[in-house]
Each structure stands twice: as C-alpha cells, then as structure tokens.
Number of protein chains: 2
Amino acid sequence: MSVHSEDNQAFIDHDHSHCIEDALVAARAVCATNGARFTRLREQVLTIIWASHQPIGAYAILELLLAANPGQRKPAPPTVYRALDFLLQQGLVHRINSLNAYIGCTHPGSAHHSQFLICTECSTAREFDAGLPAQLVHEAAGADFQIASVLLEVTGLCPQCATGRSQHG
Amino acid sequence: MSVHSEDNQAFIDHDHSHCIEDALVAARAVCATNGARFTRLREQVLTIIWASHQPIGAYAILELLLAANPGQRKPAPPTVYRALDFLLQQGLVHRINSLNAYIGCTHPGSAHHSQFLICTECSTAREFDAGLPAQLVHEAAGADFQIASVLLEVTGLCPQCATGRSQHG
DNA sequence: AACGTAACGTTATAGTATAACATTTTCACT
DNA sequence: AGTGAAAATGTTATACTATAACGTTACGTT
Ligand SMILES: [Zn+2]
Ligand SMILES: [Zn+2]
Ligand SMILES: [Zn+2]
Ligand SMILES: [Zn+2]
C-alpha cells in the first residue's frame, strides 16, 4: 500500500504504472487519515506529477492539466499552486528547490526530510531515506541550533547517464 | 587570511567588520590565484553580500548598489547577476536555493559543498564544513550514482531566536 | 595607436509565484 | 430538501526572480 524507499526504482527500468497506482492509493489513505479532501483537481495534479520520476515545474503541470481536461479553459497559476501547497502539506510531494520543480514522495505518511539524488543529464530524481547525518547533528548541537527541517539535494549522474557518458567519452 | 569554518560566528555576537575585511582579502587572493579580475563592481557586490550573515536577494543587492553609487543610474538586473555568477564561479559566495538568495562563503578557495544552518526567524545563515555523510555516500553507491555536488540546507532556530521564543511562549 | 577580449550598460522578455476578490462546491445542521 | 458556514476553485492582476540579446566601454597585448 505505501511506497517504501527500498522499492524506489527511479534509476531502474520498471513498470511505472505501479508507481502511479501505489502513489494514488497511498495519497487517499493519507488524506483520509488527515481528514483532508483529495479532490479531483488534487488527484489530477498528483497524477501528473507521478507521470515520471522527474521533477516537474508548476507551469508544466498547468499545461498537462489543460491537456487532461480538453474543452475546458486553461486553468490559471493559482489553481496549480494551491494544489501543490496542499500536496506539500500532506507530505505527498516534495519541492526540489534547485530546480523550482515538484516530485512525488516515495514514502508519504511517514515524517522524513527531503533527500534526493538528482541526475543532471536526464533530471531523474531518486528520493532516499537516511537519518540525519551524525556530523550535521554534531554541527547543529555545537552551534546550539534547533533543527526544524533538512533539505539535501545531491546532483550528479545516474547509472544510465553515467554509462552513456563513458561510452561516448 | 582565509576564513576558516571554526571561526564562523554567524550566530554569535562579534565584530563583523573583521568578517568583511577577511572576506575581501581572501577574495583578492582567490582571484589572483585564478587569474580572474576582481573589479570594482564585483568587489562592491561581494561587500554588500558580506554586510551581514543573512542571505540577500539579487534585487536587494541592486538597491544597495544604487545606494553605494549615488548619482549614478540604477543598474539593471544583469549587472548584479553577472557579478553573482562570477562570485559563485570563484567560490566566493553560495546560493541559498530555498531563499533565492546569496551569502558569502566562509572558506573560499577550498573545494567544498554548500551546507548551511538557516534560522527561520532572523534568517541568519551559518555555513558549516562537514564531509559527505556516510549514509549519503552509501545511498549513492547503492544506487550507482556519481555525486557531482551536494547542497544541504538545514532550517530551524538559531540560539538567539530559540531563546527569545522560549521566553515568550 | 590598433587590436581582441573581457566586462559592463541597456532594453526587453522569460519564468516562477502570490495577492485579492468572485464564484462554486461541499458538508453539517436543521 | 433548505440554509448557512467553510472550503475549494475560478479569475484577474501583479510581484518577484532570472536571462537573452545586443551595444558600449575598459583593459591588456602587440
Ligand atoms: Zn516508477
Ligand atoms: Zn518523501
Ligand atoms: Zn560576521
Ligand atoms: Zn563555502
């Protein structure tokens, strides 16, 4: 039902329809638990975000929202930003600050920090779940700093893109 | 001459003029080493950034640049963005992605990742120097991911603001 | 001085996000 | 079913962040 980090196959060829289905099931469960309403718009936005393992920008979501609702007027930015705010609050998506983009959370419902491996070549992002680094905790304690949230964005090359590079260069 | 992390006093009351002077001395040294030109504009921008330990936005820099050069026309955004690009390339400043803002590097000239403790109350940011977390290295290795850069932004309360909060509430 | 390059000025525009207010939908309660 | 409060969405305008493109100036070399 929920999506666990050990299942994260962002960098691996896989049947992605399972990712989408699992994410929607988990989202319904989370919203039910929180007494939050998982409306059609919010479900559409989450589905669009989960269409891939690549972070997607708010305006790109807007375009796909229009495509998913043919015949309707193109929604305005606040529509998608409000849905994004909701999904972020429910812990269903994360924001990748270095890309101004959003990506589905692979283990919603459990409190955790935002930690990603992001490929600069194909822009696929893989969330990973690790506790707070000991050195960070040590630094914070030394500086008398109370940690509220942690954001870790690691950029580099995923297996596929690294292989492609070594073949060409 | 250079500014070492163990000297970082962002959260501590201190004679900040030393920070500014040290940063300028270090910047001249780094640029000399790299054969890069530390022009008046670039020095002004770096000085403005180092006016505090709080990240500052590009447009705020623009305003202060105008104030620092009375009588001149207000510079346009590309002017400050170009200076910022230069300073980022030379490793003299860092970008805080979660704030769209820039802050002086406390140990320029040495290769390192961007790691900050950021107070949500006073927005003071303290750079800290820690190696890559072992768990991150492990995760990356497990995912066959080649790390290029790491960005770690920790938000919370600095000592002063934590004290103020506990007194009031 | 003449040249080539790097830096900076200038104008316009792209890309990201939110404020403010109107309208519709939903839900609890009668 | 009818009513009203609250939540969600629609709509318009605008703020904030960043860059493209091109012209001009300043600098170092010959
Ligand atoms: Zn998938
Ligand atoms: Zn997550
Ligand atoms: Zn200081
Ligand atoms: Zn630094």
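Source: prediction; values computed, not measured. Letters A, B, ... are given to chains in the order of the sequence lines, protein chains preceding strands, and every chain is numbered from 1.
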> Which parts of nucleotides 24-30 of chain D does protein reach within less than 4.0 Å, heavy atoms only, written one letter per nucleotide 5' to 3' as B for base, S for sugar-phosphate only and - for none?
Replying inline: ---S---
Please give, in whole Å, the distance from [N] [atom2] to [X] [atom1]?
{"X": "B/Arg42", "N": "C/dG9", "atom1": "CZ", "atom2": "P", "value": "11 Å"}
{"X": "A/Tyr81", "N": "D/dT12", "atom1": "OH", "atom2": "C1'", "value": "16 Å"}
{"X": "B/Leu84", "N": "D/dT17", "atom1": "CG", "atom2": "C1'", "value": "12 Å"}
{"X": "B/Asp85", "N": "C/dA6", "atom1": "CG", "atom2": "P", "value": "16 Å"}
{"X": "A/Gln44", "N": "D/dT9", "atom1": "CD", "atom2": "C1'", "value": "13 Å"}
{"X": "A/Asn100", "N": "C/dA14", "atom1": "CG", "atom2": "C1'", "value": "13 Å"}
{"X": "A/Ile56", "N": "C/dT16", "atom1": "CD1", "atom2": "C1'", "value": "14 Å"}
{"X": "A/Asn97", "N": "C/dT16", "atom1": "CG", "atom2": "C1'", "value": "12 Å"}

[Y] side chain reached by [X] side chain, heavy atoms, under 4.5 Å:
{"X": "B/His16", "Y": "B/Gln9", "result": "no"}
{"X": "B/Pro77", "Y": "B/Tyr59", "result": "yes"}
{"X": "A/Phe116", "Y": "A/Thr155", "result": "no"}
{"X": "A/Pro75", "Y": "A/Leu62", "result": "yes"}

>> Taking 4.0 Å as the cut-off, does a side-chain nitrogen or oxygen of A/Arg82 come that near to OP1 or OP2 on D/dA8?
In response: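 Checking D/dA8 against A/Arg82, no side-chain N or O comes under 4.0 Å of OP1 or OP2.
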Any side-chain to backbone donor/acceptor pair from [X] onto [Y]? Under 3.5 Å, distance only.
{"X": "A/Asn8", "Y": "A/Ala10", "answer": "yes"}
{"X": "B/Ser114", "Y": "B/Leu151", "answer": "no"}
{"X": "A/Gln160", "Y": "A/Phe11", "answer": "yes"}

>> Looking only at the side chain of A/Tyr59 (C-beta and beyond, no hydrogens), which of the listed nucleotides D/dT17, C/dC8, C/dT16 gets closest?
In response: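 Within the option list, the nearest is C/dT16.
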>> Let's see if you get this right: which residues in residues 68-79 of chain A place a heavy atom under 4.0 Å from DNA chain C?
In response: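 Residues of residues 68-79 of chain A under 4.0 Å from DNA chain C: A/Pro77, A/Pro78.
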>> Tell me which pairs pass salt bridge (Lys or Arg N to Asp or Glu O under 4.0 Å) where either residue lies in residues 39-48 of chain B, with sequence neighbours left out.
In response: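 Sorted pair list: B/Arg28-B/Glu43.
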> What is the nucleic acid contact for B/Tyr102, judged by heavy atoms within less than 4.0 Å: base, sugar-phosphate only, or nothing?
Replying inline: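 Answer is sugar-phosphate: B/Tyr102 comes under 4.0 Å of backbone atoms only.
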>> Can you confirm whether the side chains of A/Gln90 and A/Asn34 place a donor and an acceptor under 3.5 Å from each other?
In response: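 A donor-acceptor contact under 3.5 Å links the two side chains.
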